[in-house]
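See below for the structure under consideration.
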Amino acid sequence: MPEGPEIRRVADALNRALAGRSLTGVWFAFERLQAYRPRLLGAAVTRVEPRGKALLTHFSAGLTLYSHNQLYGRWLIAGAGENPSSSRTPRVRLETEAATAVLYSASDIEIWPSAEVESHPFLQRIGPDVLDDGLAPESVVERLLQPAFARRKLGALLLDQSFLAGLGNYLRAEILWAACLGPDQRPADLPGEVLAALGRAIVEVPRLSYATRGGSGQTHHEAAFRFNVFKREGAACPRCRTPIRKIADASRPLYLCPACQA
DNA sequence: ATAGGCCTGGAC
DNA sequence: GTCCAGGCCTAT
């Protein structure tokens with residue numbers, strides 16, 4: 001149940017465990033995927049690539065596994081010949097001589113020819129990955145001011161994967177707090193320096209989360225990345241001590257400081 | 001722009 | 001059991 005930073009950690013862990021190794025075992029829970037098994041056995045895992053909240057696992061056989069964890073999917077890794085311990089439902093199992101990776105619970109699992117996976121509907125729709133190295137605050141500001149986005153409310157815009165891929169409900173709350181903005185503000189109405197601060201928050205908050213949260217990608221909340229507002233209803237705003245409120249925005253819970261987020 | 005549905009797991 | 005959720009799609 002991750003956002004961009006957690007997905008990227010999962011990709012890192014999978015790459016450490018699998019990348020460059022040949023598959024000694026392949027198992028799918030779905031009948032529709034069985035036909036790919038013979039082609040994948042003996043092929044190598046080339047690279048696991050995060051795309052927003054989706055993962056692309058590329059194989060040397062010219063096939064790519066598309067998976068999306070939604071709220072509930074989870075990759076776990078164990079040693080070679082072992083099984084991760086989990087009470088959840090296994091969906092995919094990839095085994096090499098170095099490690100075993102099992103994808104649990106996820107329902108959104110597909111195999112595509114690598115050459116065509118870019119035409120996957122989800123990949124077609126999403127914007128730049130918010131965690132891509134090349135993404136600069138200035139280009140985020142530029143994007144905020146594009147006609148398709150400039151007049152939309154920030155609360156909904158930050159959740160829209162076609163704006164930037166990888167943001168989700170905790171990141172939008174923390175970004176809005178960092179930029180001192182309420183969810184009803186629209187990019188087109190903001191003065192230049194406020195836009196610049198928003199651009200910086202959009203770039204920096206996910207990076208901080210990626211750099212400091214959790215260890216192996218198998219964990220959820222860990223101590224290093226501190227939520228300032230998310231799930232902190234009633235606690236004091238770290239900036240102005242006003243109690244944090246929980247509201248509904250864009251059909252999702254949003255936590256914010258009613259005093260310093262204008 | 002918003003509501004409802006879908007999928008699954010966890011908190012209560 | 002019930003409700004909620006860090007997601008996303010489709011229908012209004």
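For the numbers below, each heavy atom of this structure counts, side chains included, while hydrogens, waters and symmetry mates do not. Numbered from 1 within each chain, the chains take letters A, B, ... in sequence-line order.
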Connected hydrophobic set around A:L56, excluding itself, where side chains approach under 4.5 Å
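When side chains under 4.5 Å apart are linked, the cluster holding A:L56 also contains A:Y66, A:W112, A:V117, A:F122, A:L123, A:I126.
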Let me know the distance between [atom1] of [X] and [atom2] of [N], rounded to the nearest Å.
X: A:R9; N: C:dG6; atom1: CZ; atom2: P; value: 20 Å
X: A:Y170; N: C:dG7; atom1: OH; atom2: C1'; value: 14 Å
X: A:Y72; N: C:dG6; atom1: OH; atom2: C1'; value: 13 Å
X: A:L171; N: C:dG6; atom1: CG; atom2: P; value: 12 Å
X: A:L71; N: C:dG6; atom1: CG; atom2: C1'; value: 7 Å
X: A:E110; N: B:dC7; atom1: CD; atom2: P; value: 15 Å
X: A:I109; N: C:dG7; atom1: CD1; atom2: C1'; value: 15 Å
X: A:F230; N: C:dA5; atom1: CZ; atom2: C1'; value: 8 Å

Just verifying a value: how many Å separate A:T100 OG1 and A:L94 CG, rounded to the nearest 0.5 Å?
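Those atoms lie 9.5 Å apart.
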In which ranges does DNA chain B form stems of 3 or more consecutive Watson-Crick or G-U pairs, distances under 3.5 Å?
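DNA chain B stems, ordered by first number: B:1-6 with C:7-12, B:8-12 with C:1-5.
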side-chain N/O [X] vs [N] OP1/OP2, d < 4.0 Å:
X: A:S105; N: B:dT8; answer: no
X: A:S251; N: B:dA3; answer: yes
X: A:K231; N: B:dA11; answer: no
X: A:R74; N: B:dG9; answer: no
X: A:T89; N: B:dC7; answer: no

Is it the case that the base of C:dG7 and the side chain of A:E3 share a donor-acceptor contact (distance under 3.5 Å, atom types as modelled)?
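No, no donor-acceptor pair under 3.5 Å.
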Integer angstrom distance from the P of C:dC4 to that of B:dA3:
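Here C:dC4 and B:dA3 have their P atoms 15 Å from each other.
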Integer angstrom distance from the P of C:dC3 to that of B:dG4:
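Roughly 15 Å separates the two P atoms.
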Contacts of type ring-ring contact (aromatic ring centres under 6.0 Å, His included), residue A:F149, not counting sequence neighbours:
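Once residues adjacent in sequence are excluded, the partners of A:F149 under the ring-ring contact (aromatic ring centres under 6.0 Å, His included) criterion are A:F163.
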Taking side-chain hydrogen bond (donor to acceptor under 3.5 Å, both in side chains) as the cut-off, I'd like each qualifying pair that reaches into residues 46-59 of chain A, sequence neighbours left out, listed once.
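Counting only pairs at least two positions apart or across chains, the side-chain hydrogen bond (donor to acceptor under 3.5 Å, both in side chains) contacts touching residues 46-59 of chain A are A:E49-A:R51, A:E49-A:H58, A:R51-A:E118, A:H58-A:T64.
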Does any pair with a residue in residues 244-262 of chain A pass side-chain hydrogen bond (donor to acceptor under 3.5 Å, both in side chains), and if so which ones, sequence neighbours excluded?
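Qualifying pairs: A:R172-A:D249.
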Test your reading of the model: is there a side-chain donor-acceptor pair from A:Q161 to the backbone of A:L167, 3.5 Å cut-off?
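Yes, because the side chain of A:Q161 sits within donor-acceptor range (under 3.5 Å) of the backbone of A:L167.
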For the side chain of A:R88 and the backbone of A:Y72, is there at least one donor-acceptor N/O pair under 3.5 Å apart?
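Yes, the answer is positive, given that a donor and an acceptor are paired below the 3.5 Å cut-off.
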Let's see if you can work this out: which of B:dA1, B:dG10, C:dG6 has an atom nearest to the side-chain heavy atoms of A:R152?
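Taking heavy atoms from C-beta onward, the closest nucleotide is B:dA1.
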Could you tell me whether A:R172 contacts a base, only the sugar-phosphate backbone, or nothing, with contacts defined as non-hydrogen atoms closer than 4.0 Å?
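If one applies the 4.0 Å heavy-atom cut-off, A:R172 turns out to touch nothing in the nucleic acid.
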Just the table, please: protein N/O against nucleotides 8-12 of chain C N/O, every pair under 3.5 Å.
| unit_1 | atom_1 | unit_2 | atom_2 | d |
| --- | --- | --- | --- | --- |
| C:dC8 | OP1 | A:H68 | NE2 | 2.8 |
| C:dC8 | OP2 | A:K53 | NZ | 3.1 |
| C:dC9 | OP1 | A:R125 | NH2 | 2.3 |

Look at A:R8 together with A:E6 and state whether they make a salt bridge at an N to O cut-off of under 4.0 Å.
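Between A:E6 and A:R8 there is no salt bridge, as every charged N stays at least 4.0 Å from the carboxylate O atoms.
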Establish, for the pair A:R9 and A:Y210, whether the NZ or CZ atom is under 6.0 angstrom from the six-membered ring centre and no further than 45 degrees off its axis.
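Flagged: A:R9 positioned over aromatic ring of A:Y210.
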Is the charged tip of A:R91 near the ring of A:W27: under 6.0 Å from the six-membered ring centre and within 45° of its axis?
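Cation-pi check for A:R91 and A:W27: fails.
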